[in-house]
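Have a look at the structure below before the remarks.
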Amino acid sequence: MSRRQFTEEQQRKLRQNPYVYSVTATRLSLTREFKELFMEACRAGGAPRKILEDHGFSVELIGERRFFSIPQHIREEFKKHGEFREGYSSRSNGENVLEVQGHPSGDDELKQLRHEVDYLKQEMEFLKKISSIRNTGRQVHC
């Protein structure tokens, strides 16, 4: 599955939006303030597309796939946790969430990225084991 990457110019434009917590080539993270604003506007009957556009997000800038998945991710975060956090938070293990007020510093962003890389490495090893079981029909012991 291919994911559209943000160019340096797109990243620069997105960073100018006060509702953008952080942006990398592959990830757009929104502020807690925007997520709360979005939910309130939706509850008041606002259309997700209009809410995003009114707050400086356009399909041309962030891409159609992200444009339509943002509302879904915001709703899921609220449904699962009853609250919002700044930026992106991988809550797969429950406790390992990076909480930073404002925009992340370089060290915090590096720490978060290293955590994500480690997590993805573990996930790949798990998938390799599953694939091995399916291909050979025998079990692999950890």
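Just so it is clear, the model here is predicted, and its values are computed rather than measured.
Using a 4.5 Å heavy-atom cutoff, the side chains of Leu28 and Ile70 are in contact. At a threshold of 4.5 Å between non-hydrogen side-chain atoms, the residues Lys13 and Ser58 do not count as touching. Residues Glu76 and Lys79 have side chains not in contact (no heavy-atom distance under 4.5 Å, counting atoms from C-beta outward).
Here the closest non-hydrogen pair linking Glu86 and Thr31 is OE1-CA, 3.3 Å. For the pair Leu14 and Val23, the tightest heavy-atom approach, listed with the atom from each and the gap, is CD1-CG2, 3.8 Å. Summarising the geometry of Gln10 relative to Glu60, their closest heavy-atom pair is NE2-O, 4.3 Å, with the distance given to 0.1 Å. Contact detail for Phe67 and Arg49: the closest heavy-atom pair is CE2-CG, 3.5 Å. Of all the heavy atoms in Ile51 and Ala41, the pair that sits closest is CD1-CB, 3.4 Å. Across Arg66 and Ala25, no two heavy atoms sit closer than the pair NH2-O, 4.4 Å.
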Self-check item: salt bridge (charged side-chain N to carboxylate O under 4.0 Å, His left out) between Glu9 and Arg12, worked out
Solution: CA-CA 5 Å; Glu9 177 66 17; Arg12 186 185 60 73; 2.4 Å; yes
Exercise. Show your reasoning for whether salt bridge (charged side-chain N to carboxylate O under 4.0 Å, His left out) applies to Arg27 and Glu116.
Key: CA-CA 12 Å; Arg27 176 168 288 149; Glu116 289 176 24; 2.7 Å; yes
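Note that CG of Leu30 and CG of Leu52 are 8.0 Å apart. Values are rounded to the nearest 0.5 Å.
Residue-environment remark: CZ (Phe68) exceeds the threshold of 12 foreign heavy atoms within 6.0 Å. Heavy atoms from other residues, nucleotides or ligands lying under 6.0 Å from CD of Glu64 number 12 at most.
Glu77 contributes a side-chain N or O that, together with a main-chain N or O of Arg85, makes up a donor-acceptor pair within less than 3.5 Å.
Residue Phe78 forms a side chain to side chain contact (heavy atoms under 4.5 Å, CB included) with just one option from Glu36, His73, Met39, and that option is Met39.
Judged as a ring-ring contact (aromatic ring centres under 6.0 Å, His included), the pairs with a partner in residues 25-49 (not counting sequence neighbours) are, in order, Tyr19-Phe34, Phe34-His55, Phe34-Phe57.
Linking Ile, Leu, Val, Met, Phe, Trp and Tyr whenever their side-chain heavy atoms come within less than 4.5 Å puts Val20 and Val59 in one cluster.
Take Glu125 and apply the side-chain contact (heavy atoms from CB on, under 4.5 Å) test, not counting sequence neighbours, and it matches Lys128.
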